Asker: 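Handing you this structure, nothing more for now.
Worth saying up front: this structure is predicted, and the values here are computed from it rather than measured.
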Amino acid sequence: EFGHALAVDRGAEEASDGLCELSMDRYIEAEAAKDREGMLLNRRALEVHDLRGVFRARLDATGTLSVRAFSWDCHCLDHLNVPGRRIEFAAEAKVLWHEGRTRRGEPLVDWSEPVPDVRIEPAEPAFGHTDACRRTEIRGAKVRISRFVEREHLLVEDDPRDAGVTPLAGLALPQGSWIATVESPDASFAPARFPFVIRRGETWAQDINLYPRTQVPAGFALVPGGPFTHAGHEGGGRDEETRVVCDFFIAERPVTIGEYAEFVEAVAAAGREDEARSRLPRESAGTSIVLEGGRVVFKGIVAGTKDPWTPDLPVINLTWHDAIAYVSWRGARDGRLFTLPQQFEFEKAARGVDGRVFPYGDRYDGTYSHTNSSFAAGLRLVPVDAFPKDVSPYGVRGLSGCAATWCQNSIAGTFAGMREWKGGSWSDVWHHARSASRLIANPASTSRQVGIRLVMPVFRY
């Protein structure tokens, strides 16, 4: 009807405004669905009919960024050198996990994602912050920002620029996906990165915690707390929704077979050789990793490939119980508390906050992440650093390929006895590499697809 009115009177403002309102609404719907063709079609309609430029100005309206930086006044994340420290996770997942924190004593409902309880001896000193811990605002921390742009299906950072210092308020920016780096004037603090999204007419307000370099485990990346886009049909999940997690640190790479061998050898050296043998990776085609004289020895090739076992390959073919035993040992050895990732932690570490389908963008490319479609000659298991473009906004690698990881959580209800795993894998199809995809398995089962990735919670587990 608007079109007919304009055919009679090309200058009819009411008709052109009505047509622009429709195009604006349809553009926003296409934008939410990541329908690029629909976005382009409706933007062109606005260019034709928005004679005064009012609607295009609304469509391209800027948003703003505000940043405050903080540091903790306490030392709850300091390395704990406690001889004989033991960390044991329960076999069943019965503790509610919500918005990045364990919630002991709160009831579970169907589709909760509970985690197992933990017993630590000696219990004190404890590891991790609590609600009683206080923070101090850091003023004068430098903020640098870059915008994500798409190049050859990759979302990459353009040239960084200075945005000011903390506290930063009301910085006007064009719409889009961005990333910021915050550096304290005190060099003892590690820089922190956080992705953010500028939407038309809205403010992204980020409170960022900076951590002393001594509290950041080597090879780990900080994932700052806050909201992120969870699931979504394009991402491989159910209906899209917003979730919240707290700060946490996640290993930049999956655990290698060489690192896992140190654990097996330590168990053997403690006089538990039978247990050590039971923790070795299991392959259906035979045993190519054995324990001889208390040492882990690699023999033969990776089943289904022509590749020999080397220490820099990801560890695979482990049960969830094996994975959690390694996590417990690493925590006790390193004087920290490590866990496997809870599934929401994995997803935020992979996607950031802009809802991207894969860690590196929205479209799959087998040359960017390692799945069963990456090599024309057949399956290969390659070192954990072999696909450098498979990297998330936080600098975490191999989340959409290489080896998936067992997760800490179960799913309350029908699947309470199962465990989740997340991530792409060298021997699995590409659509499981989508960051929102979820798989479950018996915790006593093994798979050549799944291994281990460590997380260090910031708040007390």
Side-chain angles (χ1 to χ4, degrees), residues 76-80 82 85-104 112-121 123 126-130 211 215-225 243-255 259-260 263 279 315 318-350 394 396 399 403-412 418-423 438 440-441 443 450-461:
C76 296
L77 293 183
D78 285 353
H79 171 269
L80 299 176
V82 182
R85 192 172 182 88
R86 292 179 58 83
I87 301 173
E88 294 182 357
F89 288 94
E92 297 180 324
K94 294 185 176 181
V95 176
L96 181 68
W97 193 96
H98 180 64
E99 293 192 344
R101 303 275 298 274
T102 52
R103 316 281 177 168
R104 286 180 174 78
S112 295
E113 286 89 2
V115 295
D117 207 346
V118 65
R119 182 175 65 187
I120 303 175
E121 296 178 351
F127 187 85
H129 292 301
T130 70
Y211 294 87
Q215 293 184 354
V216 182
F220 279 66
L222 170 66
V223 178
R243 292 281 187 166
V244 176
V245 297
C246 299
D247 288 4
F248 64 95
F249 291 89
I250 186 168
E252 294 171 353
R253 294 165 179 79
V255 173
E259 291 168 327
Y260 187 80
F263 158 63
R279 297 296 185 194
V315 65
L318 302 173
T319 68
W320 180 87
H321 302 289
D322 296 330
I324 210 71
Y326 173 82
V327 167
S328 301
W329 172 79
R330 270 289 298 270
R333 188 197 73 174
D334 294 1
R336 309 179 189 273
L337 178 69
F338 294 127
T339 69
L340 296 167
Q342 206 273 357
Q343 72 106 352
F344 292 127
E345 291 175 328
F346 181 100
E347 188 171 350
K348 183 168 186 181
Y394 305 100
V396 186
L399 293 172
T405 182
W406 282 109
C407 290
Q408 190 83 345
N409 63 286
S410 178
I411 303 173
M418 309 296 275
R419 291 292 183 277
E420 244 183 283
W421 83 50
K422 297 271 289 183
R438 305 174 67 178
I440 59 172
V450 64
I452 307 173
R453 189 181 292 264
L454 295 175
V455 159
M456 188 183 83
V458 164
F459 282 89
R460 198 161 300 176
Y461 185 91

Asker: Is there side-chain contact between R85 and I120, with heavy atoms separated by less than 4.5 Å?
Answerer: yes
Asker: Should we count CZ of R86 as having more than 12 external heavy atoms under 6.0 Å?
Answerer: no
Asker: Answer yes or no: is there a donor N or O on one side and an acceptor on the other, between the side chain of S112 and the main chain of P114, under 3.5 Å?
Answerer: no
Asker: When you measure from the side chain of W406 to the backbone of L318, do you find a donor-acceptor pair of N or O atoms at a distance under 3.5 Å?
Answerer: yes
Asker: Could you report the tightest heavy-atom contact between C76 and H129, atom names first, then the distance?
Answerer: CB-ND1, 3.6 Å
Asker: Run through Y394, F248, Y211 and flag the one making a side chain to side chain contact (heavy atoms under 4.5 Å, CB included) with L222.
Answerer: Y211
Asker: Quick one: closest heavy-atom pair of A404 and G423, and the distance?
Answerer: CB-O, 3.5 Å
Asker: Nearest heavy-atom pair of L77 and V458: which atoms, and what distance?
Answerer: CD2-O, 3.6 Å
Asker: Give a yes or no answer on whether the side chain of E345 reaches the backbone of P457 with a donor-acceptor pair at less than 3.5 Å.
Answerer: no
Asker: If the threshold is 4.0 Å, N to carboxylate O, is there a salt bridge linking E420 and K422?
Answerer: no
Asker: Between M456 and F127, does a side-chain contact (heavy atoms from CB on, under 4.5 Å) hold up when you go through it step by step?
Answerer: CA-CA 10 Å; M456 188 183 83; F127 187 85; 3.7 Å; yes
Asker: Give me the atom names and distance for the closest heavy-atom approach of L337 to Y461.
Answerer: CD2-CB, 3.3 Å
Asker: Taking only Lys NZ, Arg NE, NH1 and NH2, and the carboxylate oxygens of Asp or Glu, determine whether R438 and E113 approach each other closer than 4.0 Å.
Answerer: yes
Asker: Distance check, rounded to the nearest 0.5 Å: E252 atom CD versus L399 atom CG?
Answerer: 11.0 Å
Asker: Determine, step by step, whether F89 and T339 satisfy the side-chain contact (heavy atoms from CB on, under 4.5 Å) criterion, reporting the C-alpha distance in whole Å, the side-chain angles of both residues, the deciding distance to 0.1 Å, and the verdict.
Answerer: CA-CA 9 Å; F89 288 94; T339 69; 4.0 Å; yes
Asker: So which heavy atom on C407 is nearest to which on W320, and how close?
Answerer: O-NE1, 3.0 Å
